[in-house]
Amino acid sequence: MESFKLHLLRLAREGKVEVPGVPVRGYTLVGEEERQDMAFYLVLEGELVIDLPQGQYLHLKRGEAARVTEPHRLVPVERVVLLEVG
């Protein structure tokens with residue numbers, strides 16, 4: 001087994017980061033995106049609104065995370081760098 005260290009924030013600022021064999025990726029969200037699948041989001045930098053069905057939403061700031069199990073839309077409030085699992 002090989003060990004390694006990643007600086008996810010710095011790498012995600014520069015482009016998408018994917019870890020082979022692990023369902024995780026880090027990236028900068030540049031615009032709104034529709035999602036259908038369940039996911040876990042951790043905001044590494046910036047702010048994000050997760051628009052949910054029936055007028056509900058989650059507002060996440062740096063260091064905050066959410067698990068979403070229903071269709072949703074990601075809306076960056078400002079430049080946002082995310083860690084996404086799922």
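This structure is a prediction, so every number in the text was calculated from the model and none was measured.
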Practice item. With side chain to side chain contact (heavy atoms under 4.5 Å, CB included) as the test, would you mind laying out the steps for Arg67 and Thr69 before giving the verdict? Key: CA-CA 7 Å; Arg67 179 175 172 259; Thr69 59; 3.7 Å; yes

Pairs under 3.5 angstrom only: tabulate donor-acceptor contacts from the side chains of residues 22-31 to other protein residues two or more places apart or in another chain.
{"residue": "Arg25", "atom": "NH2", "partner": "Glu84", "partner atom": "OE1", "Å": "3.3"}
{"residue": "Tyr27", "atom": "OH", "partner": "Arg35", "partner atom": "NH2", "Å": "3.2"}
{"residue": "Tyr27", "atom": "OH", "partner": "Glu84", "partner atom": "OE1", "Å": "2.6"}
{"residue": "Thr28", "atom": "OG1", "partner": "Ala12", "partner atom": "O", "Å": "3.0"}

Practice item. Output every pair passing salt bridge (charged side-chain N to carboxylate O under 4.0 Å, His left out) with a member in residues 47-60, not counting sequence neighbours, ordered by first then second residue. Key: Asp51-Arg73

**Study point:** Tyr57: hydrophobic cluster co-members (side-chain, 4.5 Å)
**Key:** Val49, Val75, Val77

Study note, to complete from the structure: In short, Leu60 meets Ala66 closest at the heavy-atom pair CD1-CB, 3.9 Å

Study note, to complete from the structure: dist Lys61:NZ -> Glu78:CD (nearest 0.5 Å) comes out at 9.5 Å

Check your understanding: Does the side chain of Leu82 come within less than 4.5 Å of Leu44's, by heavy atoms?
Key -> no

Review point. Do Leu74 and Ile50 touch side chain to side chain, with heavy atoms closer than 4.5 Å?
Key: yes

Study note, to complete from the structure: To the nearest 0.5 Å, atom CG of Leu52 lies from atom CG of Leu58 at 5.0 Å

Review point. What closest approach, in Å, do Pro53 and Pro71 show between heavy atoms, and which atom pair accounts for it?
Key: CD-O, 3.4 Å

Check your understanding: How many angstroms lie between CG in Asp37 and CD in Glu70, if you round to the nearest 0.5 Å?
Key -> 13.0 Å

Practice item. Answer whether the closest heavy-atom distance between the side chains of Tyr41 and Leu83 falls below 4.5 Å. Key: no

